[in-house]
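All figures in this text were calculated on a predicted structure; none of them were measured in a lab.
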Amino acid sequence: CERPPLVVGHSAACTLAALAADRRPDTVAGTALIGGMPSEEGEEYAAFFELVDGVMPFPGWEPFEGPDSADLDEATRADLADRALPVAGGVATGVVHWTDERRHQVPMTLVCPEFTPDEARTWIDAGDAPELAAHQALEMVDIDSGHWPMVSAPEELARVLDEVAAEFEHETRHPLPLMLRAALAEAVEAVMAAETVEVKRMTKSGMRTFDVRAALIGLDVWDGKLRL
């Protein structure tokens, strides 16, 4: 692969996408999580429903009544149920372990279908999504659909993912790590708001203090870089 990949996960597989960034933080360009959030340390991966003969079959539509499936007609529901594959019990009950804190620096986009970005922020603030709370490069995108936008809103989902991928492509592997961009922008704002910014520098005449603010006509951050 010539470019670092954007890893996309849906529903429970959002944890798998986040795990890819955890295991390969230097080679994953970013993750896109659709309708799901990473599991917590020590949680079972996807033990949502009862196991039957060692596998977790599709449980029917009753658990998904409401916003999850409101945009799916009966024919679509029947088709999805027919194509659903049971999850091996060992996979569903596998325990999630995080290994590299640098995963929180890998850009992550949370695509919000059956819930809104505001609801996601509420869950984060309440401590219900610790992996998202710890993330330092998280963005959220709203999409008007239920839990399966690839079925009910495929064009909109494709547009969102294409825009996310384009952002990573233009980063050219991040001139500055995205987690630092907000801090850089705050520092620049503080410098420009100050009347004086004194720095010390060793010269031939010894240590001297200079006011560098007076020399700055304009300074901002663009594409992760300082721009004078």
Applying side chain to side chain donor-acceptor pair (under 3.5 Å) to Thr99 and Asp22, what does each step give before you reach the verdict? CA-CA 6 Å; Thr99 63; Asp22 178 67; 2.8 Å; yes

Any donor-acceptor pair under 3.5 Å linking the side chain of Arg213 with the backbone of Glu198? no

Can you list the steps and then say if Thr109 with Thr31 is a side chain to side chain contact (heavy atoms under 4.5 Å, CB included)? CA-CA 6 Å; Thr109 301; Thr31 59; over 6 Å; no

State which residues pass side chain to side chain donor-acceptor pair (under 3.5 Å) with Asp73; sequence neighbours excluded, sorted by chain then number. Thr76

In terms of heavy-atom contacts, does CG of Asp144 have more than 12 from other residues, nucleotides or ligands at under 6.0 Å? no

For the residue pair Gly146 and Ser152, what are the closest heavy atoms and their distance? N-OG, 4.2 Å

With distance as the sole test, does Asp100 use its side chain to make a donor-acceptor pair with the main-chain N or O of Arg23 at under 3.5 Å? no

Strictly distance-based, threshold 3.5 Å: is any side-chain N or O of Glu119 a donor or acceptor partner for the main-chain N or O of Thr116? yes

Could you walk me through whether Val197 and Leu216 pass side chain to side chain contact (heavy atoms under 4.5 Å, CB included), step by step? CA-CA 10 Å; Val197 178; Leu216 292 174; over 6 Å; no

Please verify the inter-ring angle class for His10 with Trp148; under 30° counts as parallel, over 60° as perpendicular, anything in between as tilted. tilted

Any ion pair linking Arg103 and Glu131 (charged N to carboxylate O, less than 4.0 Å)? yes

So do the side chains of Phe48 and Pro59 get within less than 4.5 Å of each other, counting heavy atoms only? no

If I take atom OG from residue Ser11 and atom CE from residue Met37, how far apart are they, to the nearest 0.5 angstrom? 11.5 Å

Between Gln136 and His104, is any side-chain donor less than 3.5 angstrom from a side-chain acceptor? no

Check the hydrophobic clustering (I, L, V, M, F, W, Y; side-chain heavy atoms under 4.5 Å; chains of links allowed) and say if Leu132 and Val106 are grouped together. no

Is it the case that the side chain of Ser69 and the backbone of Leu72 share a donor-acceptor pair, with hydrogens and angles ignored and the cut-off at 3.5 Å? no

Indicate if Leu161 and Met150 have the same hydrophobic cluster label, given that clusters are the connected sets of ILVMFWY residues with side-chain heavy-atom separations under 4.5 angstrom. yes

Look at Arg77 together with Glu62 and state whether they make a salt bridge at an N to O cut-off of under 4.0 Å. no

Run the side chain to side chain donor-acceptor pair (under 3.5 Å) test against Arg208 and tell me which residues pass, sequence neighbours left out. none

Of all heavy-atom pairs linking Arg201 and Phe210, the shortest is CB-CE1, 4.0 Å

Heavy-atom count check: over 12 atoms from other residues, nucleotides or ligands less than 6.0 Å from Asp53 CG? no

For a quick test of reading the model, state the closest non-hydrogen atom pair linking His147 to Gly35 and the distance between them. CE1-O, 3.1 Å

Side-chain (Thr203) to main-chain (Ser205) donor-acceptor, under 3.5 angstrom: yes

Carboxylate-amine/guanidinium contact Glu163 Arg159, below 4.0 Å: yes

Ala153 to Ser145 - nearest heavy-atom pair and separation: CB-CB, 4.1 Å

Salt bridge (charged side-chain N to carboxylate O under 4.0 Å, His left out) between Arg121 and Asp125, worked out: CA-CA 6 Å; Arg121 294 186 187 97; Asp125 292 342; over 6 Å; no

Any idea which heavy atoms bring Pro4 and Ala29 closest together, and the distance? O-CB, 3.5 Å

Less than 4.5 Å apart, side chain to side chain, heavy atoms only: is that true for Arg102 and Asp26? yes

Are side-chain heavy atoms of Leu33 and Pro38 found at a separation under 4.5 Å? yes

Working to the nearest 0.5 Å, report the span between CG of Leu138 and CD1 of Ile124. 5.5 Å

Find out if a path of hydrophobic residues (ILVMFWY) with successive side-chain heavy-atom gaps under 4.5 Å connects Val199 to Val188. yes

Heavy-atom closest pair, residues Ile143 and Pro149: CD1-CB, 4.1 Å

Does some side-chain heavy atom of Leu110 sit less than 4.5 Å from a side-chain heavy atom of His135? no

Phe115 with Val111, same ILVMFWY side-chain cluster at under 4.5 Å: no

For the pair Glu43 (side chain) and Glu40 (backbone), establish whether a donor and an acceptor sit closer than 3.5 Å, ignoring hydrogens and angles. yes

Set of residues satisfying side-chain contact (heavy atoms from CB on, under 4.5 Å) with respect to Val96, sequence neighbours excluded: Thr15, Leu19, Ser39, Tyr45, Trp98

Give a yes or no on whether Ile34 and Leu80 share a hydrophobic cluster (residues Ile, Leu, Val, Met, Phe, Trp, Tyr; joining criterion: side-chain heavy atoms under 4.5 Å apart). yes

